[in-house]
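Reading through the structure tokens given below for one structure.
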Amino acid sequence: MNKILNIDEVNMQATAECGVVLEDLENAVRKYGLTTGHSPQSKPIAMMGGLVATRSIGQFSTLYGGIEDMLAGVETVFPDGQICDIKAVPRRSAGPDIRHIVLGNEGTTNFITRVTVKLWKYYPEYQEVLGFTLDKMQDGMKIMREIMVAGYRPSVARLYDAEDGKEHFSHFAPGKCVMVFVTEGPQLVSHANAEGIRAIMAKHSECTPVETKLIENWFANLNWDAARIEEERKEVLETNNVCCTTEISAPWSAVEQIYNVCKKRVVEEIPDITIFGAHGSHCYSNGMNLYFVYWYNVVDCTPEEEINKYHLPIKKIICEETIKAGGSMCHHHGVGKHRIHWIDQEHGSALPMLKKIKAAFDPNGIMNPGDILPYYIEKK
Amino acid sequence: MKLLTCFKLCPDMDKLRQQDFEISGGKGLETSFLPNMINCFDESGLEFGIRLSEKSEGLEPNIEKTAFTIGGDASEMYLRTLKALGYEHCVLVKKDEDEFRYSPCMVAQTIAEYVGENPQDIIVMGKEAPNGNNSATAQLVSVLTGRPLISSVIDVKFCDDGTLTVTVTNDGDVYEQTVALPVVLSIGNAVISKLRVPTLKQRMKCKDLPLEHFKPAETSCAMFPEPMRAVIPDRRRGGYLSPYSGSEAVDDIQGKFLKGRLGEA
């Protein structure tokens, strides 16, 4: 199931079987001067069905949205053998949006077989790249809000704190936070967005513009190839220094608190931390995500114990503090098995809806058991 | 016992895209926008320094470690990292990188001058760096300080009697030698390639500690010529043919690549 079935230039959508790799689809539509607008770091290996099943998001999401904004139609199979084809239309109001029973189900209720996504014109020649440094992450959050609320739509809007930025920008911004924007689209639109962002940034004397080439070079090297991944594996084995991440989303009113509390607690409570930082990489009019990035030295424990000694306790702090402050514990990496412990707190009074969906479509519990809903909740 | 590990920062050339190849100041590739990193051979040397020091714990005398570099402000962050990892002395010779870019002789003179004022038993450095690539500095340091040089070192162990067991490669062979101090070690493709990472708490403890600065006498050296002019040569095309049938591949090579060159109809 790895064939691209149709690239429809008139209706600006492409249909692919679930096993088509996103990069292959993107390369195919680029030949028509189009783009899917979807560019997660997993693009070279992620398949269309999996991207939909996990509610994926890409690096240009602030303009193009997540996969839920791109998905026009989808064919899926339920465990009773029922094949359902949700037709691709621009919009409809024929009851609840049933695409969302498929989106993000993580294989727990159905198996996606075919996907239709929207396409956009691709204008790389009009892309503009902007970078700024500043001292405080909290100031950056306020400025990011200002830009989003004003109505500008860069494709990339990122804010790195100094710790996370150390891995990326220490050659030109040591000890500084960094904001990065990319605008794209038709020339007038891209330029207007860039000019608007420049105007807002110019009002903030704490922000210093960065030479474009520095940001362009960083962005060009942001996505790792297989060789770099292998190199990192060797580094980990040699240094025992491991990197993990947890990403959350939060309304503007809560994001600063979550950042402050998580940073304080993790650094104080978890041993052997070598870096604890965060960046926001997906921004909305009503909030942003925080992508916590943490490195730790694995000390005095077996490889099997590592996850319980370090990764899960850190995740627990981040998830619980995020939910307490009114955010979501998972912005784009899904629930999986790591975050099911907090799924009831995440959904609160809406949890029965999730349970009923699972019970209705997978009454025998044969689809990816133990994912999204833990047994003790599913069977309650 | 004193150990000096010399290192230099160099641009991360893996991050240089082909379209960004550009000559800067007529002497070499423009790399100012690239992230920097500790030269990989020096990085091995720095980690060896820490391991040797750990091995010497409880023995007399302990190893007192110095990390030494010549460079600009960017070096400070790395020196602080080394401080956090236990280097007792972190020494910066502040110089514009371009001044010393092609001058292993001036670098060696500076190191020798420092060693003259701060005697060392073991001097460690990488065998070469990508933006120079001449393997000269260690040899010159050996000559200027009058110490034997062991080159292409891939492993170092500390012996109880105060000597070192050094594993080296030579023309594909690997052998061990026991060496008395003082000595200069030039690190090759070592078994240890990565420097360990300090914890956040270790880093915080050292963040305000002062670095040491060393100001060498004015040096001049004409042993190595400065490059007069650098150019990027015309590229030859290279690539892979997608795997398909042999006859199709032959047709492709003939049609796309050979026909034009051979001037056939």
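Only a predicted model underlies this, so the values are computations on that prediction, with no experimental measurement involved. Proteins get letters first, then strands, A, B, ... in listed order; numbering begins at 1 in each.
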* Ion pair present between A/K213 and B/E30, side-chain N to carboxylate O less than 4.0 angstrom? -> no
* Asked: More than 12 non-hydrogen atoms from neighbouring residues, nucleotides or ligands closer than 6.0 Å to CD1 on A/I45, yes or no?
  -> no
* Asked: For A/K234, is it the side chain, the backbone, both or neither that has a heavy atom under 4.5 Å from a heavy atom of chain B?
  -> neither
* A/K309 atom NZ: more than 12 heavy-atom contacts under 6.0 Å -> yes
* Give a yes or no on whether A/D225 atom CG has more than 12 heavy-atom contacts from other residues, nucleotides or ligands under 6.0 Å away. => yes
* Asked: Atom NZ in B/K15, atom CG in A/N221: separation rounded to 0.5 Å?
  -> 5.5 Å
* **Donor-acceptor under 3.5 Å (A/N241 side chain, B/V197 main chain)** => no
* From NE2 (A/H171) to CG (B/L9), nearest 0.5 Å -> 12.5 Å
* Residue pair A/I275 / B/R203, side-chain heavy-atom distance below 4.5 Å -> yes
* Structure fact -> Greatest number of non-hydrogen atom pairs under 4.5 angstrom with chain A, of B/Q202, B/M77, B/R196, falls to B/M77
* Select one option (side chain, backbone, both, neither) describing which atoms of A/E167 are under 4.5 Å from chain B's heavy atoms. => neither
* Asked: Just wondering, more than 12 heavy atoms not from A/M1 lying within 6.0 Å of its CE?
  -> yes
* Asked: Where is the tightest heavy-atom contact between A/N217 and B/P35, given as atom of each residue plus distance?
  -> OD1-CD, 4.0 Å
* If you round to the nearest 0.5 Å, how far is CD of A/E231 from CG of B/D14? -> 6.5 Å
* Quick one: do B/L200 and A/E163 satisfy side chain to side chain contact (heavy atoms under 4.5 Å, CB included)? Show the steps, please. => CA-CA 10 Å; B/L200 198 52; A/E163 270 292 295; 3.5 Å; yes
* Please state whether the side chain, the backbone, both or neither of A/T239 comes within less than 4.5 Å of a heavy atom of chain B. => side chain
* **Interchain contact, B/P198 with chain A, by part (heavy-atom threshold 4.5 Å)** => backbone
* Main-chain N/O of B/S193 paired to A/E238 side chain as donor or acceptor, under 3.5 Å -> yes
* To do: Look at atom CE of A/M201 and say whether more than 12 heavy atoms of other residues, nucleotides or ligands are closer to it than 6.0 Å.
  => yes
* Asked: chain A heavy atoms under 4.5 Å from B/I192: which part of the residue, side chain, backbone, both or neither?
  -> both
